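Here is the structure we will look at.
Owing to the predicted nature of the structure, the values given are computational and were not obtained by experimental measurement. Chain letters run A, B, ... following the sequence lines, proteins first, then strands; residues in each count from 1.
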Amino acid sequence: MSTSSLPIAKAITAGLRDAMRADEKVLIMGEDVGVLGGVFRVTDGLHAEFGAQRVVDTPLAEAGIVGTAVGLAVRGYRPVVEIQFDGFVFPAYNQITTQVAKMHYRTGGRVRLPMVIRIPHGGGIGAVEHHSESPEALFAHTPGLRILAPSTAQDAYWMTRQAIECDDPVILLEPKRRYWLKGDVDTETRPDLDPWTAQIRRPGRDLTLLAWGPSVPLALECAEAAAEEGNDLEVIDARSLAPLDMATIAESVIRTGRLVIVHEAPVHGGLGAEIAARIQAECFYHLEAPIGRVGGWHTPYPPARVEHAYLPDLDRVLDAVDAALEH
Amino acid sequence: MFAVSAFTTAIPQPALEEPMVQLLAPDGTRTPHEEFDAVLAAGADGAAPAFDDPERLRGYYRDMVMVRAADLEATSLQRQGQLGLWASALGQEAAQIGAGHASRPQDYLVPTYREHGIAWARGIEPMTLLEMYRGISHCGWDPYALRTHPYMIVLGAQAPHAVGYAMGLQRDGVVGTGDPDTDTAVLALFGDGASSEGEVSESFTFAASFQAPVVFFTQNNQWAISVPTSVQSRVPLAQRSRGWGIPSIRVDGNDVLAVLAAVRTAMDEARAGKGPRFVEAVTYRMAAHTTSDDATRYRTGEEEQQWADRDPILRLRRHLEQLGEIDEGFVTRCEQDAHDLAMRLHHHIHGMADPDPVSIFENVYAEPHPLVEAEREEYLAHVVQFEDETEETQER
């Protein structure tokens with residue numbers, strides 16, 4: 001039987017394992033990914049199965065990790081880099097934006113970088129500083145990169161495999177607060193839906209509630225609460241942040257007339273702004289209310305004891321939903 | 001640990017007494033060097049002529065003359081408005097021709113943006129380099145065909161790429177096999193300025209930890225735009241890698257034989273699986289940083305004249321004259337070939353068409369991407385408005 005119930009973290013492990021079995025050019029590299037199996041155990045068991053040449057414990061130097069992955073990719077490998085925590089991707093930001101994103105373009109398509117950069121992201125885990133960031137907008141604004149944000153175990157497994165199979169560089173944002181959320185995973189039946197497409201998780205009529213990654217369970221919870229008040233929300237999981245599947249989102253908003261976007265990253269300059277701008281342009285005459293956005297404040301991520309006031313929660317999202325419905 | 005005589009991890013006290021290996025003095029006289037004499041004599045694996053065989057020496061001379069001629073023509077073209085910018089490698093010909101010829105065809109070279117002599121040695125047409133500086137493309141050659149990485153403008157960012165490529169070589173089993181046509185290494189080039197970038201240090205860390213087959217080659221040309229090397233480092237640059245346990249050597253970068261021997265030794269040791277090496281080639285950037293720079297603002301004519309007396313091409317010519325291995329006929333033929341090259345570049349540039357603006361949308365991604373495709377259509381819809389006007393203008 002190919003379907004099992006797996007937590008998201010283990011679905012990723014399975015995806016990595018199956019990808020490495022399928023293609024000997026796939027390598028894993030990062031801090032603590034080998035002997036330890038990763039600080040979240042996502043690469044657990046892979047070092048034992050594939051050895052130190054394919055599962056590489058690197059020095060503690062993110063620019064060097066991503067930069068050497070570039071060199072390995074030029075040489076024909078498919079490196080899967082792990083950035084240990086979202087807040088530590090910034091030392092590699094130069095390599096990701098000036099090098100990884102641009103290599104295919106600047107070489108006229110002669111050099112491909114089929115690499116994956118896995119980043120456990122998001123907050124709500126009671127962590128110390130720099131362990132709870134949501135940097136997707138900083139990468140979505142860079143042409144040449146793709147970004148996937150699985151929210152379920154099934155997506156976590158298949159997006160891992162599809163990101164590795166993709167010939168473009170892909171940032172895989174792993175929802176670390178949901179690492180232990182279980183779901184059914186069918187590892188044998190390749191899904192019809194490609195990873196670049198959004199998915200309606202809960203059909204509805206009254207309002208479109210768009211979220212991704214760690215915020216999808218929150219959006220579903222909101223829809224349950226709203227249903228008790230007689231409001232029927234359509235919940236969309238964006239799944240792909242670069243490219244954005246605007247067609248699915250627009251089709252939904254044309255039906256419902258109202259949109260609220262939820263993400264952990266600050267609202268100001270966040271990816272919700274891009275989506276809102278496009279929807280107002282493409283669905284202008286279908287909108288019954290202004291587009292709402294709920295997310296982090298324009299502050300650095302706060303200390304853990306008050307992160308509950310920073311992250312979007314049920315009340316703040318329902319407030320935005322009510323405001324749109326009552327407009 | 002194996003014995004390396006020319007390469008060392010020891011730091012002399014005081015540090016400033018770091019020796020600089022020189023086989024050809026500025027006046028052209030040859031100094032013996034036991035280890036490097038043997039490397040030069042061995043040639044390309046013994047079967048071909050020695051690296052210091054007079055025929056080869058004349059070849060290096062011609063290469064340097066051609067590279068310099070292309071360089072001077074490029075500067076001239078920039079002054080004529082045909083190039084947006086040019087970064088001259090004037091004065092660095094020996095460092096680059098020497099390093100280029102020390103590499104084997106299967107090696108992978110990773111340059112910065114001034115490696116026009118390396119490009120020549122790798123078979124990259126000067127025309128291609130000019131395309132970049134004219135603004136026609138970001139990289140005019142196929143890195144796979146010519147085994148040379150694209151030029152790099154984010155300084156130092158190429159160093160981790162070089163190490164990663166070398167890590168790939170290890171996994172491909174083309175290191176330490178003993179077959180000189182199979183064993184492969186990477187030559188990573190960067191300047192004195194770039195050596196301060198953090199990613200260069202990270203490259204040393206990865207290279208040392210994984211004992212990757214990579215040779216770091218720094219042309220210390222004394223200036224990073226207007227900032228002298230003394231601001232980048234208080235100790236000779238050759239000593240930097242030794243903190244990582246990477247053996248290194250300092251050579252006279254204007255001495256094509258010293259560069260060739262040192263880089264050949266380093267590359268062969270890296271290929272043999274002995275780990276990374278570092279070579280500091282002491283040279284001089286005879287021109288300004290680029291055609292946008294005014295070197296008179298920060299350095300003296302006296303300094304430039306001192307270095308002109310140590311010119312790499314002049315030096316090799318003097319040496320060939322002392323050997324009786326160069327005549328006026330050869331020199332004249334080189335000058336004629338150089339002139340012809342310059343004229344070809346001149347005419348090629350003047351005839352060079354701009355790319356179609358719609359090419360902006362090509363190759364952003366390897367796989368289809370809806371946003372790029374939509375924006376391409378948006379752009380085309382925009383320009384079609386002006387098509388009638390263009391036709392009218394052309395008819396007139």
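The side-chain heavy atoms of A:Arg75 and B:Arg171, taken from C-beta on, include no pair separated by under 4.5 Å. For the pair A:Val74 and B:Pro143, the minimum side-chain heavy-atom distance is 4.5 Å or more. Side chains of B:Met152 and A:Gln99 form a contact here, defined as non-hydrogen atoms less than 4.5 Å apart.
B:Pro160 approaches A:Gln95 most closely through the heavy-atom pair CG-NE2, 3.9 Å. Closest non-hydrogen pair, A:Gly64 versus B:Phe206, comes out as C-CZ, 3.5 Å. Annotation for A:Arg146 and B:Glu367: closest pair NH2-O, 3.0 Å, computed over non-hydrogen atoms. Shown here for B:Tyr365 and A:Gly144, the closest heavy-atom pair between the two residues is OH-N, 3.1 Å.
Interface remark: of the candidates A:Thr98, A:Asp167, A:Leu244, A:Asp167 forms the most heavy-atom pairs closer than 4.5 Å to chain B.
Proximity to chain B involves both the backbone and the side chain of A:Ala61, based on heavy atoms less than 4.5 angstrom apart. Contacts between A:Val56 and chain B at a heavy-atom distance below 4.5 Å involve the side chain alone, from C-beta outward. Only the backbone of A:Glu62 comes within contact range of chain B, with heavy atoms under 4.5 Å apart. Heavy-atom distances place both the backbone and the side chain of A:Ile65 under 4.5 Å from chain B. Contacts between A:Met103 and chain B at a heavy-atom distance below 4.5 Å involve the side chain alone, from C-beta outward.
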